[in-house]
Each structure stands twice: as structure tokens, then as C-alpha cells.
Amino acid sequence: MANSNPVMVQAGDDYVRIFDTTLRDGEQAPGCTMNVEEKLAIARQLERLNVDIIEAGFAASSPGDFESVRRIAETLTGPTVLSLSRTREEDVDQALRAVEKAAHPGIHIFIATSDIHLKYKLLMTREDVLNASTWAVTRARQHLDYIEFSCEDASRTDWDFMAKICTEVIRAGARIINLPDTTGHSIPEEHGQMFAYMREHVEGADKVIWSAHCHNDLGLGVANSLAAVRNGARQIECTINGIGERAGNTSMEEVVMALKTRKDLMGMRTGVNTRQIYPASRLLSQIIGQPVPPNKPIVGDNAFAHEAGIHQDGVLKNKLTYEIMKPEDIGIPSNKLVLGKHSGRHGFINRLKELGVDADTIDIQKAFAAFKELCDKKKIVYDDDILALANEESRKTGDFFELVDLKVTSSTKTTPHAEVTMRVEGAERTADATGDGMVDACYKAIYKLTELNPTLERYSVKGITGGTDALGEVSCLVREDGMTVAGQGAHSDIVTASALALVNALNRLKTRAQAPARRPSEGP
Ligand SMILES: [Zn+2]
């Protein structure tokens with residue numbers, strides 16, 4: 001088989017491949033579910049980031065997952081697109097079918113290898129696991145060249161048994177061997193030793209790429225990944241903003257910037273276009289409705305803010321006194337004021353592109369009209385405002401429910417009252433309700449109209465940019481029948497933003513409810 005895959009072409013021993021699993025491992029986290037269009041928007045941004053590999057989903061886990069892997073595989077031309085797969089025949093075949101049309105297709109086969117997983121989850125012997133692994137790799141190898149194999153829960157697996165499995169799957173055709181710290185249990189030093197041991201004891205170790213996949217349960221995801229690289233790993237699996245189950249996965253922006261900033265020590269490089277990091281972080285945060293914590297390294301609002309007087313003085317004299325990275329290298333606009341009243345449609349579309357928004361996926365006409373309206377209300381329009389507008393537009397497509405009008409009355413002496421008009425599957429209806437506050441009244445009216453009554457698990461308001469005229473962004477998390485979905489809304493009026501957020505969440509709930517149930521999350 002010809003080896004044309006760009007990732008497999010020798011890139012030099014100082015090259016660390018970035019394998020992004022935002023759309024698979026990240027998406028498995030509660031409240032992070034995305035629909036196909038949203039996943040495509042993230043995938044396109046990952047392509048702009050120039051990551052090497054995109055794990056687009058777990059094709060066999062649900063028809064929705066299959067469809068998103070297929071669409072991403074067909075759309076992207078740069079990165080390798082792969083699907084996760086267990087060692088079962090139907091999984092492998094579904095994964096292969098989903099990536100069939102990819103410019104650079106791949107499959108990621110995994111099975112748990114730790115005794116605790118064998119005994120309580122798989123009910124398999126070590127021999128069974130070994131056989132299943134080689135069988136699956138052999139089958140995939142008949143169809144494609146790019147095969148990654150993962151020993152799930154590697155960090156709690158017996159090293160000699162793991163060396164044996166790795167030797168066998170390499171013999172069967174695996175090209176990348178991933179040793180995940182599935183439970184986030186490793187400490188950097190031992191994690192590094194595990195890679196060193198495997199590279200020494202596995203036959204054919206020098207013919208494959210070793211990969212690290214770490215979880216952040218002890219806050220060590222990035223540190224463990226770097227320890228793996230120092231011990232020969234040349235691929236890191238990570239997610240934008242570090243999203244993922246429990247405490248999340250290794251954060252892409254942190255690990256990439258650690259390698260870049262400490263090139264003096266590590267001597268490594270990646271292919272990531274770091275200027276796309278900030279747009280990627282914001283795009284994901286807007287799509288899943290999870291705000292980035294202000295103190296989050298690299299992409300948090302305060303990551304480059306110097307409040308303390310002594311720091312500021314130093315920074316003003318020479319930025320390098322306290323800044324180890326330049327905000328512009330991450331794509332944080334040095335001048336956030338970009339557009340205003342006199343900006344044209346062309347400038348608006350250009351800015352959207354720079355911010356990572358795909359103009360084809362939104363109603364530009366509407367977004368531009370909303371932008372002009374905002375310019376009239378506010379003197380200054382910031383990037384975050386524009387992103388919020390664009391996402392508000394992209395959220396509206398193909399909805400069951402649409403907010404048409406909203407009237408609220410409240411005073412310190414009367415009970416808050418809301419009258420809401422909505423289009424429910426095409427028909428316009430109005431309902432009213434009273435509540436503890438205007439938002440509460442409004443939510444009760446919306447529940448009446450949609451005939452849905454989920455539990456509101458989280459509700460948060462954020463002024464996207466400073467000032468009382470700022471665009472407010474509301475995120476909410478609702479749960480019904482064990483399904484958790486997030487919703488977002490942005491508007492200069494906070495009650496309207498709240499209503500939009502809830503309507504967005506209810507639309508998702510409705511779409512998800514129609515999709516066949518997804519298997520409980522599983523994977524390395
Ligand atoms: Zn994982």
C-alpha cells in the first residue's frame with residue numbers, strides 16, 4: 001500500500017503531531033454534545049489550526065456520530081480524519097465506511113488492557129484481549145494504512161503484558177501506538193518511564209509513532225504529555241479548552257504553547273498555527289455554551305492581563321519582564337476594537353473569517369443586520385460581540401422553536417409578568433406567566449408554549465464586553481430524561497438573551513430526543 005499520508009511521512013524527530021479529539025473525547029463530556037453542523041464548524045477551525053489528526057467521532061456509537069464523521073471526512077482536505085472503534089467487527093466496518101471518502105482516512109482501534117478493566121468491564125482474559133486486538137488491526141489493515149491502536153487505561157496496565165500487545169498489533173499493521181492515561185492517574189515521572197519502557201521492550205517500537213493521551217483528573221494532563229514527549233512520544237492527543245469527561249483532557253492550547261515557549265529546553269515543534277488558537281477557543285466556548293474560566297492558561301480573559309501595579313510598570317517598560325508569550329501569537333487581537341457604525345458588509349465578513357466563523361454556515365444578511373443594529377446601540381463593537389452575533393445566527397437554523405416576541409413587566413411592588421410569543425413548528429402562539437423574577441416568568445411562559453419542562457441545572461450571565469450597553473450572553477444547562485443540553489443566547493437585553501438561551505437549549509433537547517439513543521460513553 002502506498003504511503004501517501006502526510007502524517008506518516010517522516011517529519012523529523014523534533015516534530016510532535018497534534019491529534020485533536022475535541023469532537024470525540026471532548027464531546028463525550030456532559031453538556032458538550034454538538035450537532036453535525038456545529039461539529040463541522042469546529043472541524044473547519046481545526047483545519048485552520050493545522051492540527052495533524054482529527055478524531056471526528058465514534059462512528060458505531062450512534063447514527064448521528066456516523067453522520068458527523070462521514071461529513072467531516074468528506075469536507076476536510078488537510079488533516080487525517082479518523083473514527084474511534086472498538087475491536088468488534090461491526091465497529092471496525094462502520095468506522096471504515098465513515099472515513100471512506102476522506103482525503104486522509106484513518107481508524108483508531110482501542111481496547112482496555114488493565115486487569116481491572118478486563119475483570120469488571122470486558123469480562124475477558126488477557127489472551128482474549130490480545131486476540132481481539134490483532135484481529136481488529138488485521139481487518140482494518142486490509143482497507144487502510146493509517147491505524148492507531150490504543151491500550152485503554154494503559155497507565156494502570158501491566159507493562160509486560162502491554163509490551164506483548166503492542167508488539168503483536170505492530171506486527172498486524174498498527175502505525176501509531178497510543179498509551180492513554182484514561183483515568184488521569186499518572187504522575188509525570190512514571191508516565192515518562194512507561195513510554196521509555198515500551199519503546200525499549202516492544203518489537204518494532206522504532207517503526208511506529210508513540211502517542212500520549214492524558215486526562216486531567218490530577219491537573220497533570222499537560223505535564224504527563226510533555227513527560228511522554230521527553231521519552232519518545234511524538235504525538236499528543238488533546239482537546240480545545242481541555243474539554244472532556246470529568247476534569248477533561250490535555251488542553252491543546254496549553255500543550256502547544258508549552259512546546260513552543262520552551263523550545264529552548266524541549267527542542268520540539270508542532271505544525272499548529274498558533275494564531276488560530278484564540279478563535280478556536282472562543283468558537284468552541286460559544287458552541288457548547290461553556291465559558292472559558294478567566295484564569296485559564298493561554299485563552300482565559302486574564303491570561304495576559306496585568307493588574308498589579310508593579311507588574312504593569314514592568315510590562316510597560318518591556319513586555320518581556322512578565323510576559324513569556326505574546327498575545328498576538330495566540331491570535332488575541334491586540335486591538336479588540338475592530339468594527340463600528342461605518343464598517344461595511346465586506347469588512348464584517350472578513351472579520352468573521354478571521355475569527356474562525358464559516359460565512360457559508362450562517363445567514364449573513366441577518367447577521368449583518370444584527371451587527372448594524374448593535375452598532376447603533378453601542379459605540380464600540382468588539383470581536384466577542386461579533387462572534388456572539390454570528391453564533392446567534394448559526395444557532396437559529398432548522399429550529400422547532402423560535403422566539404418571536406417578548407414583553408415583560410416588573411416593578412418593586414408587582415409580581416413579574418411575561419408574555420411570550422413563539423413560533424412552534426411553524427405556528428405562532430402566545431402564552432403568559434408570572435414568576436419570581438422577569439427571567440423566571442419568561443421561562444415559565446416558554447415551558448407552556450413548548451410543552452417541555454426540563455430541570456434548569458445551570459444559568460449564567462456574562463457581559464461579553466464591558467459597559468451596561470454590552471451584549472449580554474446567557475448560558476444555560478437543562479436536563480430532561482437523563483439528557484443534558486446547553487443553550488446560549490446573546491442580546492443587548494439580558495431577559496431576551498435568557499429567553500434565547502432557553503429556546504436554543506430546548507431546540508437541542510428536541511433534536512436529541514429524536515435521535516436514537518447513544519451508547520454510554522466509552523473510549524481511551
Ligand atoms: Zn480520553
Side-chain angles (χ1 to χ4, degrees), residues 17-34 39 42 46 51-62 65 68-69 81-87 91 95 106-114 116-117 121-122 133 148-157 162 176-188 191 194-195 209-229 233 235-256 284 288 290 518-524:
R17 291 150 184 84
I18 296 298
F19 172 117
D20 186 280
T21 185
T22 304
L23 299 173
R24 199 280 299 169
D25 215 351
E27 204 246 358
Q28 280 178 200
C32 293
T33 9
M34 291 173 246
K39 284 185 182 176
I42 296 290
L46 288 169
V51 302
D52 302 279
I53 303 109
I54 295 177
E55 184 162 52
F58 184 172
S61 74
S62 76
D65 253 47
S68 39
V69 176
V81 175
L82 44 78
S83 167
L84 185 67
S85 164
R86 287 170 300 184
T87 53
D91 268 44
I107 186 169
H108 176 192
I109 299 169
F110 80 98
I111 193 163
T113 50
S114 64
I116 185 165
H117 276 234
K121 187 180 85 177
L122 296 178
S133 306
E148 170 167 328
F149 182 84
S150 280
C151 301
E152 187 188 3
D153 203 18
S155 52
R156 295 191 300 169
T157 298
M162 192 150 74
I176 301 96
I177 301 289
N178 182 35
L179 304 179
D181 184 21
T182 307
T183 56
H185 170 263
S186 269
I187 299 290
H191 203 63
M194 176 176 76
F195 276 86
I209 293 159
W210 292 86
S211 171
H213 175 120
C214 300
H215 279 264
N216 216 21
D217 298 69
L218 295 173
L220 294 169
V222 171
N224 285 334
S225 303
L226 296 179
V229 168
Q235 173 172 298
I236 294 174
E237 309 197 352
C238 48
T239 61
I240 302 171
N241 295 344
I243 66 162
E245 282 179 284
R246 308 184 311 275
N249 286 58
T250 297
S251 146
M252 180 274 297
E253 54 280 2
E254 292 174 27
V255 87
V256 165
L284 178 70
I288 62 174
Q290 284 193 5
R518 184 191 172 120
R519 265 209 340 268
S521 58
E522 201 187 332

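Read the numbers this way: they start at 1 and go in the same order the structure lists the ligands and their atoms. Counting from 1, the numbers follow the sequence of the chain as shown. Hydrogens, waters and symmetry mates are skipped; everything else that's a heavy atom, side chains included, is used.
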- Message: With a 4.5 Å cut-off on side-chain heavy atoms, are His215 and Asp181 touching?
- Response: no
- Do Asp52 side-chain atoms and Arg17 backbone N/O form a donor-acceptor pair below 3.5 Å? no
- Task: Taking the Zn ion (ligand 1) as the centre, count the protein N/O/S atoms lying under 2.8 Å from it.
- Result: 4
- Message: Could you check whether Ser251 and Glu253, counting side-chain N and O atoms only, form a donor-acceptor pair closer than 3.5 Å?
- Response: yes
- Item | With Asn249, the side chain to side chain contact (heavy atoms under 4.5 Å, CB included) member among Glu237, His213, Arg24 | His213
- Message: Looking at Ser186 and Ser155, would you say the former's side chain and the latter's main chain have a donor-acceptor pair under 3.5 Å?
- Response: no
- Item | Reference residue Ser114; test side chain to side chain contact (heavy atoms under 4.5 Å, CB included); the match among Asp153, Leu122, Thr183 | Asp153
